Amino acid sequence: MVYNGTMEYLTDFKDIIKIERVEFFKLNPIPLPRIFKDGTGGIRTHSLFGDWMRVYDSDGNMGEGTCTPLALSFFAPLLLEMEGRSLNEIRKEIFWRIRNFGYQSAHVREAGAIDFILLDYLSRKNGMPLHRFLGATKDYATVYKGGGSVLISDEELVDDILRFKSEGYGRTKIKVAGFDDWKRDVVRFEKVRKAVGDDFKIAADANQGWDVDTAFRFVEATHEMGLAWMEEPLHAYDMEALRELSSRLDRAGIDVDIAMGESVRSYYELVQYAEHGVRHLNPVMPNYICVDEILKAKRFADTHGIRLSSGGFTYANVAYGAVFNDDQLIEYHQPIQEVLVKYTSKMSEVRDGRWYLPSSPGLPVSLDFEKLKMDGLLDSITYRFRKK
């Protein structure tokens with residue numbers, strides 16, 4: 001355990017990092033084969049996948065990963081002006097540069113993306129797959145496939161979930177809170193349950209779309225049908241409402257965990273959730289300032305008997321998913337991520353609800369920029385260099 005300024009890190013890699021060159025790949029949005037909508041968000045016609053960045057040192061060692069334009073405009077100049085430093089020293093510098101922006105800022109999320117890129121660099125330099133570099137003792141992550149757009153018909157929803165089950169997945173998550181009446185979500189849940197049988201786990205995600213009473217009624221109506229967990233039923237920062245919902249469920253003898261965490265940016269907020277009755281933490285990289293925030297969440301979950309799962313960019317995030325226990329999950333958001341498969345040159349092998357990570361050094365995913373270019377999805381490449 002390392003304290004660096006006001007931050008606590010569970011990793012302390014000693015290698016010195018001095019970035020000499022940055023390549024930023026601006027990508028065009030990738031069209032989805034079928035439009036998607038959750039309960040509270042807008043209609044999505046394209047994948048949410050962003051841009052990509054590579055960093056190099058003077059010896060040609062490289063690290064790469066997903067990012068946004070903020071990586072080029074704010075973080076690349078910062079990295080290129082730093083003299084040789086360890087990762088934790090870079091993390092400390094970044095923390096003090098962005099602290100006044102607030103923990104919901106885009107800068108905090110982008111710092112998490114930079115952290116992954118630098119971890120990729122370090123693991124490649126050390127000749128190790130990233131998950132092993134982070135301390136994993138196994139080469140797979142337990143994954144569930146999520147989907148369930150509120151725009152598709154009940155029949156299409158059932159067909160999708162049956163396909164997930166046929167592919168070997170043992171769990172799914174469907175979207176709710178997108179209709180005028182919550183009972184409509186109960187009907188859809190019941191149809192899926194009847195189709196897949198009792199041995200398949202189904203969770204629901206309201207994307208903060210309900211109040212306490214509505215969320216309670218939905219859980220009350222579905223828990224005997226095997227509702228695995230209820231994700232983001234309420235406003236992400238309404239801690240007292242979360243406490244009220246958890247208390248009502250406990251008094252009613254309903255054993256369904258509330259999951260929260262994807263909409264906040266700090267480990268300390270995850271602790272707040274647990275103190276207000278949440279029994280399932282759901283932190284998502286790169287929403288957090290560094291991967292150690294996720295590792296701290298795992299430590300907290302293990303210590304306090306709390307469930308843990310994580311979403312985000314599955315192709316990369318299975319790296320820390322391999323550090324998780326077998327019952328700690330990574331979400332694969334099928335409707336907006338599956339379209340990326342054809343544009344990867346390296347990815348995990350999917351088998352029976354597990355993603356088996358490549359043994360090659362670095363991240364478990366790489367992009368095929370030739371295919372992206374051929375399909376008109378590579379907009380431009382920008383280069384930045386250290387000033388001599």
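These numbers come from a predicted model, not from an experiment.
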Charged N-O contact under 4.0 Å between Glu81 and Arg97: yes

Check: Thr45 side chain, Ile35 main-chain N or O, donor-acceptor pair, under 3.5 Å: no

Under-4.0 Å salt bridge between Arg279 and Asp257: yes

side-chain contact (heavy atoms from CB on, under 4.5 Å) partner of Asp205, chosen from Met230, Glu331, Lys173: Lys173

Salt bridge flag under 4.0 Å for residues Arg193 and Glu224: no

Donor-acceptor contact present, side-chain Thr142 to main-chain Gln328, <3.5 Å: no

Lys296 charged N/C atom sitting above Tyr268 aromatic ring, 6.0 Å / 45°: yes

Heavy-atom donor-acceptor pair, Ser348 side chain to Trp355 backbone, under 3.5 Å: no

Mutual orientation of the aromatic rings belonging to Phe13 and Phe133 [parallel < 30°, tilted 30-60°, perpendicular > 60°]: parallel

Side-chain H-bond candidate by donor/acceptor type, Arg91 with Thr11, under 3.5 Å: yes

Side-chain donor/acceptor of Tyr273 to backbone N/O of Ala236, under 3.5 Å: yes

Glu64 bridged to Arg124 by N-O distance under 4.0 Å: yes

Non-hydrogen atoms of Val212 and Leu234 that approach each other most closely: N-CD2, 3.6 Å

No-hydrogen, no-angle side-chain donor-acceptor test under 3.5 Å, Ser266 and Glu269: no

Residue of the set Trp52, Tyr56, Tyr383 for which side chain to side chain donor-acceptor pair (under 3.5 Å) holds with Glu23: Tyr56

Arg307 bridged to Asp327 by N-O distance under 4.0 Å: no

Parallel, tilted or perpendicular, as decided by the 30° and 60° cut-offs, for the rings of Phe101 and Phe74: perpendicular

With Ser309, the side chain to side chain donor-acceptor pair (under 3.5 Å) member among His280, Arg171, Glu231: His280

Flag side-chain contact, heavy atom, 4.5 Å: Trp210 against Asp185: yes

Residues in side-chain contact (heavy atoms from CB on, under 4.5 Å) contact with Arg384, at least two apart in sequence or another chain: Val22, Leu72, Leu80, Thr382

Distance-only side-chain donor-acceptor flag, Tyr320 / Ser310, under 3.5 Å: yes

Test side chain to side chain donor-acceptor pair (under 3.5 Å) applied to Tyr121 and Asp57, Asn61, Asp15, the passing residue: Asp57

Check: Tyr169 ring centroid to Tyr144 ring centroid under 6.0 Å: no

Under-4.0 Å salt bridge between Asp154 and Arg184: yes

Arg163/Asp159 salt bridge by N-O under 4.0 Å criterion: no

Backbone N/O of Met285 and side chain of Asn317: donor-acceptor pair under 3.5 Å: yes

Salt-bridge contact Glu240-Arg243 (side-chain N to carboxylate O under 4.0 Å): yes

For Cys67 against Ala113, the heavy-atom pair lying closest together: CA-CB, 4.3 Å

Centroid-centroid under 6.0 Å between Phe116 and Phe313 rings: no

Side-chain (Asp368) to main-chain (Lys342) donor-acceptor, under 3.5 angstrom: no

Check: His223/Asp255 side-chain N/O donor and acceptor closer than 3.5 Å: no

Between Asp211 and Thr214, a side-chain donor and acceptor under 3.5 Å: yes

